[in-house]
Amino acid sequence: MSAQRLPPLRLFAVFEAVLRSGSPQRAAAELNVSQPAISQAIKSLETHIGAPLLDRSTRPPTLTEAGRILQRAVTEGLGRITEAIAQIHAMQRVSPGSVTVACSVGTATYWLMPRLTEFYGAHGDVSVNVMTTAQGTPPITPGIDLAIRYGLGNWTDGRVLTLFAESVVPVCHPSLRQRLQEAGQGFDSLPLLHVNSGEDSWLSWRDYARAVGLPEPRGTGRSFTNYVQATQAALDGHGVMLGWESNTSDLIRRGRLVVLPFPRLQPKEAFYLVIPPHRADQPAVRTLADWLSGFVGSERPVVQG
């Protein structure tokens, strides 16, 4: 398809909003339009593409193969646009009290953002900008002051501080756990929610099963391109996901998700804070870096870059 024949970009934005939010209703509320307008936009996009994107014979509708192909492209494309705009904004800022942190969507949504209120209470003179990326190891690009990364900590593009180790355990909505218990379903037949991020460090259900000695799951389940989508599906009771403690601990504490009776796994990877050399001496950057590392109980540098 040539550039001249691309569908209107707004249709891609609607498609992405439906996928990310999990339903046309939530996408309509987010975009401040009616639900019929959302449905019409999806149908228009299908007409432009020349193939159905949603299988409407299922409830809720699921992606067709064409839909999955377009989903990967749209998520990556809009993600790069968002990153580019964030970088441009960051390069334009002049306030010495502003700090830009790069991290994955899941880390920003479920770990960092809920904790910034406490930071502002102690450091009201520092403004924190959060730039989310599709990667669990966001790069240090122009305008990035700090990066929260998941991996082995062996990066050489900055000073690396240990934040916290991870642990993973299957979780789901309380109502789904009750239904699974009543049906007597075993691990190999659970309705699974998969995250296909394209990163080798991301633990899959097959990886988990092998590591803890459980039979490999038989069902295909449902797949998502990022953790936030999968989490929303779990909160809606659509399946069981691998719950990363950093992202699900607050949801579990509030009773919105529950832990299933399967082994907890601690991956060899952990979360780290990376401080690029050219930003390490900035007071606001140092303040936030010290607070983040102190907040989780570790200030020890593990790699010097």
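Position 1 is the first residue of the sequence, and the numbers go up from there. Just the heavy atoms: all of them, side chains too, but no hydrogens, waters or symmetry mates, feed the values below.
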**Study point:** Value rounded to 0.5 Å, distance of CH2 in W205 from NE2 in H194
**Key:** 8.0 Å
Practice item. For a side-chain contact (heavy atoms from CB on, under 4.5 Å) with V240, tell me which candidate from V171, L260, L193, L257 qualifies. Key: L260
Review point. Same hydrophobic cluster for V33 and F12, using side-chain heavy-atom links shorter than 4.5 Å among ILVMFWY?
Key: yes
**Study point:** Chi angles and distances behind the ring pair (Phe, Tyr, Trp, His ring centres under 6.0 Å) call for W244, F271
**Key:** CA-CA 12 Å; W244 296 72; F271 278 89; 7.6 Å; no
**Study point:** Inter-residue atom distance L11.CG - E46.CD, 0.5 Å rounding
**Key:** 11.0 Å
Review point. Strictly by modelled atom types, are T47 and S44 linked by a side-chain donor-acceptor pair under 3.5 Å?
Key: no
Point to revise | Chi angles and distances behind the side-chain hydrogen bond (donor to acceptor under 3.5 Å, both in side chains) call for Q229, T225 | key: CA-CA 7 Å; Q229 295 170 350; T225 57; 3.2 Å; yes
Review point. Salt bridge between R68 and E65, side-chain N to carboxylate O under 4.0 Å?
Key: yes
Review point. Is it true that a side-chain atom of T137 and a backbone atom of Y150 form a donor plus acceptor pair closer than 3.5 Å?
Key: no
Check your understanding: Any donor and acceptor pair, going by atom type alone, linking the side chain of D236 with main-chain N or O of H238 inside 3.5 Å?
Key -> no
**Study point:** Heavy atoms from other residues, nucleotides or ligands near CD1 of I69 exceed 12 (cutoff 6.0 Å)
**Key:** yes
Check your understanding: When you check the side-chain N and O atoms of T75 and Q71, is any donor under 3.5 Å from an acceptor?
Key -> no
Point to revise | Option from V285, T287, V130 for which side-chain contact (heavy atoms from CB on, under 4.5 Å) with V99 holds | key: V285
Practice item. Using atom types as modelled and distance alone, determine if a side-chain donor or acceptor of E166 lies under 3.5 Å from a backbone N or O of S246. Key: yes
**Study point:** Single hit among L70, L63, V14, L53 for side-chain contact (heavy atoms from CB on, under 4.5 Å) with L19
**Key:** L63
**Study point:** Distance-only side-chain donor-acceptor flag, N247 / T231, under 3.5 Å
**Key:** no
Exercise for review: I would like to know whether R286 and D145 meet salt bridge (Lys or Arg N to Asp or Glu O under 4.0 Å); could you show each step before the answer?
Suggested key: CA-CA 10 Å; R286 187 70 263 166; D145 301 312; over 6 Å; no
**Study point:** Main-chain N/O of N154 paired with Y272 side-chain donor or acceptor, under 3.5 Å
**Key:** no
Review point. Backbone N or O of A289 within a donor-acceptor pair of the S293 side chain at under 3.5 Å?
Key: yes
Revision key, fill the gap. OG1 of T248 to CH2 of W111, rounded to nearest 0.5 Å, is 14.5 Å
Practice item. Can you measure from NZ (K43) to CD (Q40) and round to the nearest 0.5 angstrom? Key: 6.5 Å
Point to revise | Derivation of the side-chain hydrogen bond (donor to acceptor under 3.5 Å, both in side chains) call for Q232 and S21 | key: CA-CA 8 Å; Q232 187 59 57; S21 66; over 6 Å; no
Review point. So Y208 and F187, would you call those rings parallel, tilted or perpendicular, with 30° and 60° as cut-offs?
Key: tilted
**Study point:** Side-chain ion pair, R253 and E245, N-O less than 4.0 Å
**Key:** no
